[in-house]
Amino acid sequence: QRENVQGSVSEERKEIEEKFLQTVAKKVVENEKMDNTREETQNIIEKLLSYQTKVSCSPLTEKIIIFLKENKYGKITLKDIENLTFFSSEYCEKIFKKDTGKTILKYFNTLKIEKAKELIIIGELSLSEISEKLGFEDYNYFSRLFSKIIGCSPKNYLNKWIKQIY
C-alpha cells in the first residue's frame, strides 16, 4: 500500500516538474520578466516539497523533516536531532529510515541537493555560491555529493538545463 502511495505521489511530482520546466522555458523564450517566473517557480517548488511529506509517517519523522527543511542552509548533526526530539539518535534513525527509506543525514543531503537544483535553475548564484549558501565548506564535496544524488555534476546539470531551454 505504501508503494502505491509513493508511486502516485511520484507521478504527481513528475507532472508538476514537467509543467514547471515548460512554464519556465516558455517564459524565457518569450522574454517575460523573470520576477514573475521566480514567483511561479517558488510556488511550484513549495508544492513539490509538500508532496515529499504526503506519504504517511510518524509524528517523530514529521518533526525531523520539518527541522531538516528549516535548516537546509546550515549544518546539522545527530546530536541536534537528539536535542530536538529528546530521543537517542539511534532510535530516531530507526524510525526515520522505516518511514522514509533513508537515513536522516542522507535525507538532509538530498534535501540540500534538491534546493541546489532549484538555485541552479533560478540562475542568480554561481555554483560555488550555491554550495556555500547550502552550508558546504568544500565545493568539491558538494559537487561529488550532487553527482552521487543526481547522476551528473552541478555544471553538467546547468548545461543540460540551458540546452533544454534553448
Stepwise side-chain contact (heavy atoms from CB on, under 4.5 Å) test for I121 and L158: CA-CA 7 Å; I121 290 169; L158 174 60; over 6 Å; no
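- Applying the salt bridge (Lys or Arg N to Asp or Glu O under 4.0 Å) rule to K160 yields no partners; only residues at least two apart in sequence or on another chain are considered.
- Residue K106 holds its NZ atom at 7.0 Å from NZ of K97, rounded to the nearest 0.5 Å.
- Taking the side-chain contact (heavy atoms from CB on, under 4.5 Å) definition, one finds that N83 meets it with K79, sequence neighbours left out.
- Residues meeting the ring pair (Phe, Tyr, Trp, His ring centres under 6.0 Å) test with F108, sequence neighbours left out: none.
- Between F96 and Y107, the ring-plane angle classifies as perpendicular under the 30° and 60° cut-offs.
- With rounding to the nearest 0.5 angstrom, the CD1 atom of I113 is 9.0 Å from the OG atom of S147.
- The two residues S143 and S153 make their nearest non-hydrogen contact at OG-CB, 4.3 Å.
- Rounding to the nearest 0.5 angstrom, the gap separating the NZ atom in K117 from the OH atom in Y157 is 4.5 Å.
- Under the salt bridge (Lys or Arg N to Asp or Glu O under 4.0 Å) criterion, no residue pair touches residues 87-96, with sequence neighbours excluded.
- For K148, there are no side chain to side chain donor-acceptor pair (under 3.5 Å) partners at least two apart in sequence or on another chain.
- Other residues, nucleotides and ligands contribute more than 12 heavy atoms inside 6.0 Å of the NZ atom of K102.
- Separating the CZ atom in F146 from the CD1 atom in I130 is a distance of 8.5 Å, to the nearest 0.5 Å.
- Taking K63 as the reference, nothing meets the salt bridge (Lys or Arg N to Asp or Glu O under 4.0 Å) condition, with sequence neighbours excluded.
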Residue pair I150, E114: steps toward the side-chain contact (heavy atoms from CB on, under 4.5 Å) verdict: CA-CA 9 Å; I150 303 304; E114 288 298 321; 4.0 Å; yes
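- Evaluation of the ring pair (Phe, Tyr, Trp, His ring centres under 6.0 Å) rule for F67 yields no partner, not counting sequence neighbours.
- By the side chain to side chain donor-acceptor pair (under 3.5 Å) test, D80 is found to be paired with T77, residues two or more places apart in sequence or in another chain being considered.
- Contact of the Y91 side chain with the L60 side chain is registered, since non-hydrogen atoms from C-beta on lie closer than 4.5 Å.
- For Y139, the ring pair (Phe, Tyr, Trp, His ring centres under 6.0 Å) criterion is met by F142, not counting sequence neighbours.
- Here the CD1 atom belonging to I65 is positioned 9.0 Å from the CG atom belonging to L111, to the nearest 0.5 angstrom.
- Put simply, the residue from N71, I64, I66 that forms a side-chain contact (heavy atoms from CB on, under 4.5 Å) with L68 is I64.
- To the nearest 0.5 Å, atoms CG (L78) and CD1 (I76) are separated by 7.0 Å.
- Considering only heavy atoms from C-beta on, I120 comes within 4.5 Å of P154 through its side chain.
- Listed for the E82 side chain is a donor-acceptor partner under 3.5 Å among the backbone atoms of S89.
- With sequence neighbours left out, T61 forms a side chain to side chain donor-acceptor pair (under 3.5 Å) with S58, D99.
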Worked check of side-chain contact (heavy atoms from CB on, under 4.5 Å) between C92 and T85: CA-CA 8 Å; C92 292; T85 64; 3.2 Å; yes
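- Residues passing the side chain to side chain donor-acceptor pair (under 3.5 Å) test with E70, sequence neighbours excluded: none.
- In this structure Y73 satisfies the side-chain contact (heavy atoms from CB on, under 4.5 Å) test together with K115, K133, L134, sequence neighbours excluded.
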